[in-house]
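A, B, ... follow the sequence lines: proteins, then strands. Residue 1 opens every chain. What you see is a predicted model; the values in this text were computed from it and never measured.
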2 protein chains.
Amino acid sequence: MSIDLEIARAAKLRPIAAIAARAGIPDEAVEPYGKHKAKISLDFVEQARRERPRGKLVLVTGISPTPAGEGKTTTTVGLGDALNRIGRRAVICLREPSLGPCFGVKGGAAGGGHAQVVPMEDINLHFTGDFHAITAANNLLAAMLDNHIHWGNALGIDPRRVSWRRALDMNDRALRQVVQSLGGVGNGFPREDGFDIVVASEVMAAFCLADSLEDLQERLGRIIVAETRDRRPVTARDLKADGAMAVLLRDALAPNLVQTLEGTPALVHGGPFANIAHGCNSVMATRLGLHLSDVVVTEAGFGADLGAEKFLDIKCRLAGLAPDACVIVGTVRALKMHGGVAKADLGREDLHALHRGVANLARHVENIRKFGLPPVVAINRFTSDTEAELAAIREAMKEIGVEAVLCTHWSDGGAGTEALARAVARRLDSGEAHFAPLYPDNLPLADKIRAVAREIYRATDIALPDAVASRLRRFEELGFGHVPVCIAKTQYSFSADPTLLGAPTGHTLPVREVRLSAGAGFVVVICGEVMTMPGLPRVPAAEAIRLDANGRIEGLF
Amino acid sequence: MSIDLEIARAAKLRPIAAIAARAGIPDEAVEPYGKHKAKISLDFVEQARRERPRGKLVLVTGISPTPAGEGKTTTTVGLGDALNRIGRRAVICLREPSLGPCFGVKGGAAGGGHAQVVPMEDINLHFTGDFHAITAANNLLAAMLDNHIHWGNALGIDPRRVSWRRALDMNDRALRQVVQSLGGVGNGFPREDGFDIVVASEVMAAFCLADSLEDLQERLGRIIVAETRDRRPVTARDLKADGAMAVLLRDALAPNLVQTLEGTPALVHGGPFANIAHGCNSVMATRLGLHLSDVVVTEAGFGADLGAEKFLDIKCRLAGLAPDACVIVGTVRALKMHGGVAKADLGREDLHALHRGVANLARHVENIRKFGLPPVVAINRFTSDTEAELAAIREAMKEIGVEAVLCTHWSDGGAGTEALARAVARRLDSGEAHFAPLYPDNLPLADKIRAVAREIYRATDIALPDAVASRLRRFEELGFGHVPVCIAKTQYSFSADPTLLGAPTGHTLPVREVRLSAGAGFVVVICGEVMTMPGLPRVPAAEAIRLDANGRIEGLF
């Protein structure tokens with residue numbers, strides 16, 4: 001049994017009603033799902049937003065990821081626990097894990113060690129069914145689209161220009177590209193199609209950006225599923241699918257409440273991909289959290305160039321949120337990899353490599369400041385880190401005026417993150433944040449891409465093929481010039497080349513394709529390969545997963 | 001708004017803990033899903049089976065269905081309510097509705113009028129997520145199968161002989177027949193595939209016949225997914241998928257508790273197709289119900305030739321259940337259709353047609369007696385029924401020694417079914433039941449088909465093509481000669497010809513194909529067309545479904 005699972009199983013969970021009470025949520029607003037999970041009613045979410053004061057918002061992001069790992073989720077959990085320990089009422093907000101990857105190579109996504117959200121097995125499996133509801137809504141739209149074509153195609157949909165794909169929460173490469181509607185007249189018109197994993201569905205992105213049920217139904221209606229022969233967009237509303245999709249998502253839109261091992265309330269809700277979508281938990285959960293606490297600690301996917309940029313330029317912009325501080329997580333090991341050390345050699349002290357690698361961290365710090373946010377660096381400590389290495393990072397950060405704090409939440413829980421909590425609290429109390437998105441709404445779409453590429457990725461320019469540029473102009477003609485851009489590129493480098501570690505400059509961002517996510521409310525900008533349906537590895541984790549004689553799960557984590 | 005929905009919304013639901021308490025279920029065994037749904041822990045199910053006395057079992061089945069409708073589900077609900085009214089502690093057991101058809105033509109499947117299980121919207125939509133879990137287990141197996149072939153195919157699977165299909169809970173004709181794994185090397189080996197609606201998945205059938213988690217894991221492992229080039233079967237266990245599938249189904253296997261409008265405890269759990277599977281709720285729920293009550297009232301799909309036969313020859317045989325009585329539901333209108341009246345003319349009294357149509361009912365009565373069960377006929381009353389018509393049915397039934405009782409549960413709830421409840425109670429108290437399945441386990445498979453065809457369908461014989469006969473012998477060689485047969489034929493006639501209404505004789509049952517459901521534990525015998533993935537109609541119900549300004553569902557029922 002893994003250490004994470006051992007710790008999680010040894011934990012004594014509080015009844016979910018007690019956690020709700022701790023967050024000031026009345027009993028009648030709690031819809032229990034078993035004894036340790038609950039949904040918080042949408043009525044209460046509305047009421048809290050009207051009546052209760054709004055707390056501060058702290059984003060946890062990270063350096064550019066490496067195979068050494070950084071620990072953003074554990075830091076988010078640890079920081080939430082520690083803020084509560086030092087007397088700030090904190091709530092954390094996290095994404096829901098996807099089911100599919102559990103059976104592939106990775107374990108769960110509910111933190112680790114003594115910094116976990118529980119019940120971890122439930123959270124990693126079906127949880128409260130949100131992703132299944134999103135899958136159903138996605139696939140109802142697909143079925144209604146093909147059904148419309150089958151019965152006469154009154155809207156004049158061009159079957160060659162259907163962009164809506166089906167979805168499953170499963171790693172299944174066989175479904176990436178299919179030909180459907182085979183078998184004769186009764187089965188419709190054969191056409192190419194494919195499945196994405198559900199976290200890549202635009203329904204997921206729209207769900208996570210929706211501000212209310214009404215807003216969700218509106219967003220679903222705006223989703224563009226195809227074009228007619230004369231290139232007019234066809235929407236979910238044209239197919240009259242938006243209402244039924246919203247009905248399928250009604251219960252799911254209520255935020256989920258669970259707890260950390262130390263009893264901090266955790267809202268775990270929604271989980272869009274961090275490449276073709278914005279990669280953070282739902283607006284519903286974040287806004288609820290803000291009205292339940294002094295501080296919400298939340299997390300964004302990948303490194304700060306992708307996750308934080310999208311959190312700030314997409315989620316905060318669209319939802320009217322203004323964060324108050326930003327924690328950037330790094331490790332000695334990962335920074336040494338950015339400095340050129342191979343994974344096998346990470347156990348050895350290497351101050352030169354570390355010094356080179358710190359450039360990655362320093363640039364993320366600079367970038368966060370461009371959004372008007374005070375950064376704090378969290379060094380997620382590993383046993384192999386030497387005092388000299390830790391001192392070197394602190395020194396380098398001091399030179400650029402940012403506090404770097406050691407964290408040992410994996411082994412010590414919230415007690416290991418108290419120093420970080422105090423550093424964050426100082427930034428919050430200073431009132432120094434003056435958040436603004438990177439670019440204004442009214443900038444042309446191409447210039448928005450350019451702004452992110454130059455200011456955040458530090459590219460010299462973008463390479464925009466004519467066809468792509470004209471597609472962007474088309475989106476502007478359709479009335480979507482005001483939306484933010486959501487750039488999908490490798491998470492391993494500031495550039496689009498995953499091998500350029502550290503803090504590269506002089507590169508060009510190659511834009512390959514753009515897609516309008518009209519329901520979510522952004523333009524996806526694809527730079528490089530993007531995988532929207534993972535496969536299983538040669539030996540899937542699933543092969544070792546089973547129930548023991550007591551009905552307990554073996555091998556999942 | 002429909003009358004059913006109006007009644008359901010006007011109802012004052014009791015907290016689910018109160019319903020559980022009424023059934024003698026302790027608080028700690030109740031896993032709430034919201035305020036009005038719960039799962040009952042598997043530990044308690046085991047304990048109740050060990051420690052508590054076992055009640056009686058009553059099956060509700062029907063005449064051969066017609067477009068006029070019979071009302072088996074409402075009769076089941078009404079009978080349960082009425083048994084409680086006359087002082088018998090009753091629990092009802094029903095199938096869970098499938099989500100897909102809600103968006104097509106039909107409404108919900110939670111009863112109607114004053115004979116409903118509630119909360120009906122939840123039950124008809126995601127409920128407690130069981131079908132989503134079954135979908136995930138089905139599709140994990142599919143993904144692991146194609147993944148195995150992709151990575152080297154060590155088991156030597158013949159990709160032309162993969163029989164395992166993917167599943168969705170959606171009416172989507174476009175997915176009936178697809179070619180998958182297109183797009184190049186990274187996406188696997190292209191092959192033909194297709195999707196079934198999840199109620200047609202063998203995982204659903206195995207789930208509903210499983211007796212415990214261990215038994216479920218065993219059954220999943222036995223599922224045959226493909227053959228090798230030399231025709232050896234390849235199972236889910238060979239792919240090491242059984243454990244992870246069981247993990248996905250662990251929570252789902254716990255029976256769901258809801259309530260009728262009158263507060264009768266209702267276990268609504270599992271819902272396999274009634275053609276290629278056995279069409280009744282889970283063994284887990286039925287067995288739990290028997291140890292919670294004096295009487296369990298449960299329902300089987302389609303008419304008694306299909307639903308009751310499968311309930312008795314498959315579910316009761318495999319689970320060791322011995323029913324004590326059987327209610328056969330009919331209506332004047334439907335019997336007149338069996339007597340040759342067109343649907344438009346059903347409002348007019350027609351005693352001659354009724355007399356001809358009663359032959360259908362009488363034959364179902366005879367058939368039920370062949371299983372050693374005392375039948376009671378329930379006449380589900382419509383306002384257009386005349387006294388003469390009702391008297392004619394009672395008279396005809398009296399001639400064959402069976403009580404026929406008028407029921408008005410749709411308009412009157414349990415008060416309208418008290419006479420039926422008393423008639424059923426008399427049969428239960430008489431101790432006259434001496435249940436035995438129709439054929440012994442050790443009969444050759446072909447003779448089992450012949451037994452059902454002759455004894456129940458009253459066919460002269462079966463037409464068994466040589467290839468099909470040799471396939472049956474192959475199943476026997478593989479060690480599956482002892483299992484029951486599950487015959488898929490039209491529900492509209494005793495014969496395989498849907499236009500032969502009433503009580504036809506002299507026909508031959510044409511067997512087209514046989515399939516081994518090794519995990520469920522039966523051989524599927526396909527006679528005629530079987531649709532395992534419905535489509536949506538020209539104007540799907542989904543188009544009218546949406547949320548109103550208060551977040552309530554419009555247009556679903």
For the atom pair [atom1] ([X]) and [atom2] ([Y]), what is the distance rounded to the nearest 0.5 Å?
{"X": "B/Leu140", "Y": "A/Asp172", "atom1": "CG", "atom2": "CG", "value": "9.0 Å"}
{"X": "A/Glu31", "Y": "B/His36", "atom1": "CD", "atom2": "NE2", "value": "8.5 Å"}
{"X": "B/Ile545", "Y": "A/Met245", "atom1": "CD1", "atom2": "CE", "value": "13.0 Å"}
{"X": "B/Leu248", "Y": "A/Phe103", "atom1": "CG", "atom2": "CZ", "value": "3.5 Å"}

Handout entry: Interface moiety of B/Asp146 toward chain A, non-hydrogen atoms closer than 4.5 Å
Key =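 Only the side chain of B/Asp146 comes within 4.5 Å of chain A.
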Handout entry: Under 4.5 Å from a heavy atom of chain A, the part of B/His148 involved
Key =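 No part of B/His148 comes within 4.5 Å of chain A.
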For the student: nearest non-hydrogen atoms of [X] and [Y], plus distance:
{"X": "A/Ala136", "Y": "B/Leu99", "result": "CB-CD2, 4.1 Å"}
{"X": "B/Arg250", "Y": "A/Arg552", "result": "NH1-CA, 4.2 Å"}
{"X": "A/Ala542", "Y": "B/Ala244", "result": "O-CB, 3.6 Å"}
{"X": "A/Arg176", "Y": "B/Gly186", "result": "NH1-O, 3.1 Å"}
{"X": "B/Gln177", "Y": "A/Gly183", "result": "OE1-CA, 3.5 Å"}

Handout entry: B/Phe127: ring-ring contact (aromatic ring centres under 6.0 Å, His included) partners, not counting sequence neighbours
Key =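 B/Phe127 satisfies ring-ring contact (aromatic ring centres under 6.0 Å, His included) with no residue once adjacent residues are dropped.
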Exercise for the section: Only counting residues at least two apart or in another chain, list the ones meeting ring-ring contact (aromatic ring centres under 6.0 Å, His included) with B/Phe131. Expected result: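 ring-ring contact (aromatic ring centres under 6.0 Å, His included) list for B/Phe131, sorted by chain: empty.
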Practice task
List the steps, then state whether side chain to side chain contact (heavy atoms under 4.5 Å, CB included) holds for B/Leu239 with A/Glu543.
Solution key: CA-CA 8 Å; B/Leu239 289 166; A/Glu543 291 188 4; over 6 Å; no
Is [X] in contact with chain B via its backbone, its side chain, both, or neither, using a 4.5 Å heavy-atom distance?
{"X": "A/Met144", "value": "both"}
{"X": "A/Glu46", "value": "neither"}
{"X": "A/Ile553", "value": "both"}
{"X": "A/Asp548", "value": "neither"}
{"X": "A/Ala241", "value": "neither"}
{"X": "A/Ala544", "value": "neither"}
{"X": "A/Val30", "value": "backbone"}
{"X": "A/Leu168", "value": "side chain"}
{"X": "A/Asn171", "value": "backbone"}

For the side chain of [X] and the backbone of [Y], is there at least one donor-acceptor N/O pair under 3.5 Å apart?
{"X": "B/Gln217", "Y": "A/Leu547", "value": "yes"}
{"X": "A/Arg546", "Y": "B/Lys240", "value": "no"}
{"X": "B/His132", "Y": "A/Gly129", "value": "no"}
{"X": "B/Arg538", "Y": "A/Asn147", "value": "no"}

Handout entry: Heavy-atom contacts under 4.5 Å, residues 189-198 of chain B to chain A
Key =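 So far as heavy atoms go, B/Phe195 are the residues that approach chain A to under 4.5 Å.
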Only pairs of heavy atoms separated by less than 4.5 Å count here; which of [options] has the most with chain A?
{"options": "B/Gly535, B/Ala133, B/Gly188", "answer": "B/Ala133"}
{"options": "B/Ala142, B/Ala246, B/Gly555", "answer": "B/Ala246"}
{"options": "B/Glu121, B/Lys39, B/His150", "answer": "B/His150"}

Problem - Over 12 foreign heavy atoms within 6.0 Å of CD, A/Glu554 - result: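 Yes - once you tally the heavy atoms of other residues, nucleotides and ligands closer than 6.0 Å, there are more than 12.
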Under a 4.5 Å cutoff for heavy-atom pairs, which residue among [options] has the most contacts with chain B?
{"options": "A/Leu125, A/Asp43, A/Asn187, A/Ile149", "answer": "A/Asn187"}
{"options": "A/Leu213, A/Asn139, A/Asp122, A/Asp169", "answer": "A/Asn139"}
{"options": "A/Ala174, A/Gly100, A/Pro537", "answer": "A/Ala174"}

Problem - All salt bridge (Lys or Arg N to Asp or Glu O under 4.0 Å) counterparts of B/Glu214, not counting sequence neighbours - result: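 Partners of B/Glu214 under the salt bridge (Lys or Arg N to Asp or Glu O under 4.0 Å) test: none.
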Exercise for the section: Could you go through the side chain to side chain contact (heavy atoms under 4.5 Å, CB included) check for B/Leu182 and A/Val179 one step at a time? Expected result: CA-CA 8 Å; B/Leu182 298 170; A/Val179 171; 3.4 Å; yes
